[in-house]
Chemist: 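The structure under discussion is supplied below as C-alpha cells; questions concerning it will follow.
Residue indices begin at 1 and follow the sequence shown.
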Amino acid sequence: MNDSPADNPADPPAGDPAGLSADHPADAPADADLSADSPADAPADADLSADSPADAPADDPADLSADHPADPPADDPADLSADPSAGSPGVPAAAASGGPTAAASASPGNPRGEAPGGTPAGPPTGCPVGHPAPGGGVPTLFTWEFATDPYPAYAWLREHSPVHRTALPSGVEAWLVTRYDDARQALADARLSKNPMHHAGSAQAKGRTGIPGERKAELMTHLLNIDPPDHTRLRRLVSKAFTPRRVAEFAPRVQELTDRLIDSFAEDGKADLIHDFAFPLPIYAICDLLGVPPEDQDDFRDWAGMMIRHGGGPRGGVARSVKKMRGYLAELIHRKRENPGDDLISGLIRASDHGEHLTENEAAAMAFILLFAGFETTVNLIGNGTYALLRNPDQRVRLQRSLADGESGLLDTGIEELLRYDGPVEMATWRYATEPVTLGGQAVAAGDPVLVVLAAADRDPERFRDADTLDLARSDNQHLGYGHGIHYCLGAPLARLEGRTALATLLRRLPDLRLSPEAADVRWRGGLIMRGLRTLPVEFDPGHRIVRSDAPSRP
C-alpha cells in the first residue's frame, strides 16, 4: 500500500480518547488486519513511541553516548530494578510543569555527567537553564535544569525558531520541530525515514541515535528503525495482539495487578509510586502479553530497571542488560516453538511458520522493542499523570467526584489531557531526511536527523487554548502524545487501559493521597526522548484506604 501521509491511519477522535468507539477504525474484530498502512490501523497501533536512549558507538563500551542532558553523579543510582528500596535522586522537579525551574540535577545516558568534550556538564553560569537566555537569545537546552522544566525553552523555540538546528550533548546535530502543525506534518512525512542508514553523519554519530547495545545484540530490525514495506509487514503481525478485543480481555488482569501492587503498600501510609507501582505494573503486564513465565518476570524487571535508569548504573549496564535480554528472548522463542501458548511471542512464531517470513532476529527484536517501548511510556504516564493531579488539587478532586458518581467521561478526557500536558514521550524517535525537505519554512538537507518535540507541539497555544493549563475536561484534544501517522503508537490502547486503571484505582482506594514532604525535591530522570520521574514519594492515611476496587476500570 501507499505509504504517503494521505494513507496514514487516522488518530483517535477527540471524543473517543481510547480509540475504541464503534465507528472508529480501531474498533475492529479481534482478527482484523490492523497493518500500519491500512485505514483500519488506529490507536491499537504503534511503535510505542518509546524512542529510546542514545546508542553508543561500537567502541563505546561504557554507553556514554548521551544524547541526553548531563547525567547524575556516580552516587545517583536511580535503581528501578527489583529492589524498590533503592533511592534515585536525579533532576529536581519544578514546582509545576511549566513552572519555575529548580536546582540542578540529572538525566540518563551519561553516567559521568560529561559533555561531548569530556568536561563535566552543568548549568551555564548566569543563565536560568530551561528559560530564554538573558537578552532574548536562544535558551540553553539539554542541561540538568532543562530536564526539570523544558516548557519555557520550548515556548521560545516555537515563537522564534520553530524548526531549530542544535547540537545534542553527544555532538550529533539534529533539527528540533516544535510547532504543532509542523510536528504533525513531520510525523506523517514519508520522506523522513526511520532507518538510521539514511543518517548522513559519521559512523560514530550513527551509533549515537538508537538504543544502547541493540546493534551488537542484533536487535535493530524493529518498528522504530524501519520503513515500509518491512514496517508494514512486521506491524501487521504485531498489531493482532493489540486489537480492541484483546485489550478488553486483558482488563481484568490489569485490574488484578493494580490492586495487588496497591495492597503491597496500602497499610504503610506512604510509598514511592514509581518504584512501588508505576514501574512494576506495566512490566508485569507486558510480560504476561509476551508470554514470559511468572518465574522469569523478576529478571525482566531487573533488566528493565537498568534500561530505564540509563546512566545511573554501572558502566555499560544498559548494553549488558540488552545483551542478557537478547539471550533470554532467543531461548524463550525456542521454548515457545516447542510449546506454543496464547501469547504474543507464540503468535509471532506461528506467523513465521505460516510463511510470513519473520526471522528469529526479527521476532526477538519485535519482542524486545515491545517490552522496552511498552513499559517505559506507561511508567511515565502513570508517574507524570499522578504528579500532575497532585499538583493540581482542584482537578484531582473533580476527577475523584466523577469516579465516585460512577462516571467515566472525565477519566477518559483526563487521560488524554495528562498525555498532552506532561506526557511520557518528550520527543518522537529519530527520523532522517531521505531528500531535501522543507519543514516550517526551514530547509532540511538530505541525511539530516529530525526530532519532533511532542512535548512542545502539545503545548502550542496556536492549537490548544490555555495550553499550559491542566484541564481534565478538555474536549478538543488531538494531542500527539502517542505520535501520528503510520508510526502511531501500537500499544496506545494498552497504555491507556493501564493508565486509566492505575489512576482511577489509586484515587478510589487512597482518597487522601498526597505528596510527601520529600516530594519538594522530586527528581526527573531527564533524557532526550522519554520524560519521567525518578521517584514520586507520597503519603496517605491507611485508615482511609479502601481495601479493593469495587469498580473495575472499563477498557
Chemist: Rounded at 0.5 Å granularity, tell me how far CG in L513 sits from CZ in F540.
Modeler: 7.5 Å
Chemist: List the atom of G383, the atom of A278, and the distance in Å for their closest heavy-atom pair.
Modeler: N-CB, 4.2 Å
Chemist: Between R391 and T386, is any pair of side-chain heavy atoms under 4.5 Å apart?
Modeler: no
Chemist: When you measure from the centre of the six-membered ring of W524, is the NZ or CZ of R531 closer than 6.0 Å and no more than 45° off the axis?
Modeler: yes
Chemist: Under 6.0 Å between ring centres: does that hold for Y421 and F464?
Modeler: no
Chemist: State, without any angle test, whether D422 and Y387 hold a side-chain donor-acceptor pair at a distance under 3.5 Å.
Modeler: no
Chemist: Taking the side chain from R184 and the backbone from H484, do they hold a donor-acceptor pair closer than 3.5 Å?
Modeler: no
Chemist: With the threshold set at 4.0 Å, does a side-chain nitrogen-carboxylate oxygen contact exist between D541 and R514?
Modeler: no
Chemist: Would you call D466 and R474 a salt bridge, taking side-chain N to carboxylate O under 4.0 Å as the test?
Modeler: no
Chemist: D276 vs K270, test: salt bridge (Lys or Arg N to Asp or Glu O under 4.0 Å). Steps then yes/no.
Modeler: CA-CA 10 Å; D276 300 334; K270 63 180 181 179; over 6 Å; no
Chemist: Give the C-alpha distance, both sets of side-chain angles, the deciding distance and a yes or no for salt bridge (Lys or Arg N to Asp or Glu O under 4.0 Å) between D412 and R500.
Modeler: CA-CA 8 Å; D412 289 337; R500 293 177 82 262; 3.0 Å; yes
Chemist: Quick one: side-chain hydrogen bond (donor to acceptor under 3.5 Å, both in side chains) partners of D182, sequence neighbours excluded?
Modeler: none
Chemist: If every non-hydrogen atom of D343 is compared with every non-hydrogen atom of L289, which pair is closest and at what distance?
Modeler: CB-O, 3.6 Å
Chemist: Can a donor-acceptor pair be found, under 3.5 Å and without considering hydrogens, that links the side chain of S516 to the backbone of P537?
Modeler: yes
Chemist: Drop me the distance from L261's CG to L273's CG, to the nearest 0.5 angstrom.
Modeler: 11.0 Å
Chemist: Has E462 got more than 12 heavy atoms of other residues, nucleotides or ligands less than 6.0 Å from its CD?
Modeler: no
Chemist: Using every non-hydrogen atom in the two residues, find where Y482 and A495 come nearest and quote the distance to one decimal.
Modeler: OH-CB, 3.2 Å
Chemist: In a check of salt bridge (charged side-chain N to carboxylate O under 4.0 Å, His left out) between D471 and each of R398, R465, R420, which one passes?
Modeler: R398
Chemist: In plain terms, say whether R301 and D299 are close enough for a salt bridge, that is, a side-chain N and a carboxylate O under 4.0 Å apart.
Modeler: no
Chemist: Please say whether the positively charged group of R253, taken as NZ for Lys or CZ for Arg, lies over the ring of Y284, i.e. under 6.0 angstrom from the six-membered ring centre and within 45 degrees of the axis.
Modeler: no
Chemist: Looking at every heavy atom in both R508 and L403, which two are closest together, and how far apart are they?
Modeler: NH2-CD2, 3.7 Å
Chemist: Does R463 come within less than 4.0 Å of D458, counting only side-chain N to carboxylate O?
Modeler: no
Chemist: Would you call R496-E416 a salt bridge at under 4.0 Å N-O?
Modeler: yes
Chemist: Just checking, is any N or O donor in the side chain of S402 or D405 under 3.5 Å from an acceptor N or O on the other one?
Modeler: no
Chemist: Roughly how far, to the nearest 0.5 Å, is CZ of R509 from CD1 of I262?
Modeler: 5.0 Å
Chemist: Would you compute the distance between atom OG1 of T232 and atom CD1 of I486 and round it to the nearest 0.5 angstrom?
Modeler: 6.0 Å
Chemist: Could you tell me if the side chain of V177 sits less than 4.5 Å from the side chain of L451, heavy atoms only?
Modeler: no
Chemist: Does any non-hydrogen side-chain atom of M530 lie less than 4.5 Å from one of N380?
Modeler: yes
Chemist: Please list, chain by chain and in numerical order, all residues satisfying side-chain hydrogen bond (donor to acceptor under 3.5 Å, both in side chains) with Q297, sequence neighbours excluded.
Modeler: D288
Chemist: What I'd like to find out is whether the side chain of F250 reaches to under 4.5 Å of the side chain of R245, using heavy atoms alone.
Modeler: no
Chemist: Is the closest side-chain heavy-atom distance between L533 and N384 below 4.5 Å?
Modeler: yes
Chemist: Would the distance check show the side chain of T413 and the main-chain N or O of L472 forming a donor-acceptor pair, the cut-off being under 3.5 Å?
Modeler: yes
Chemist: Any side-chain donor-acceptor pair under 3.5 Å between Q255 and D259?
Modeler: yes
Chemist: Please name all residues satisfying salt bridge (charged side-chain N to carboxylate O under 4.0 Å, His left out) with D460, sequence neighbours left out, ordered by chain then number.
Modeler: none
Chemist: A side-chain contact here means heavy atoms from C-beta on lying under 4.5 Å apart; do V247 and P493 qualify?
Modeler: yes
Chemist: Quick one, P282 and E376 - any side-chain contact, counting heavy atoms below 4.5 Å?
Modeler: no
Chemist: Check whether any side-chain heavy atom of E426 sits under 4.5 Å from a side-chain heavy atom of I529, and report yes or no.
Modeler: no
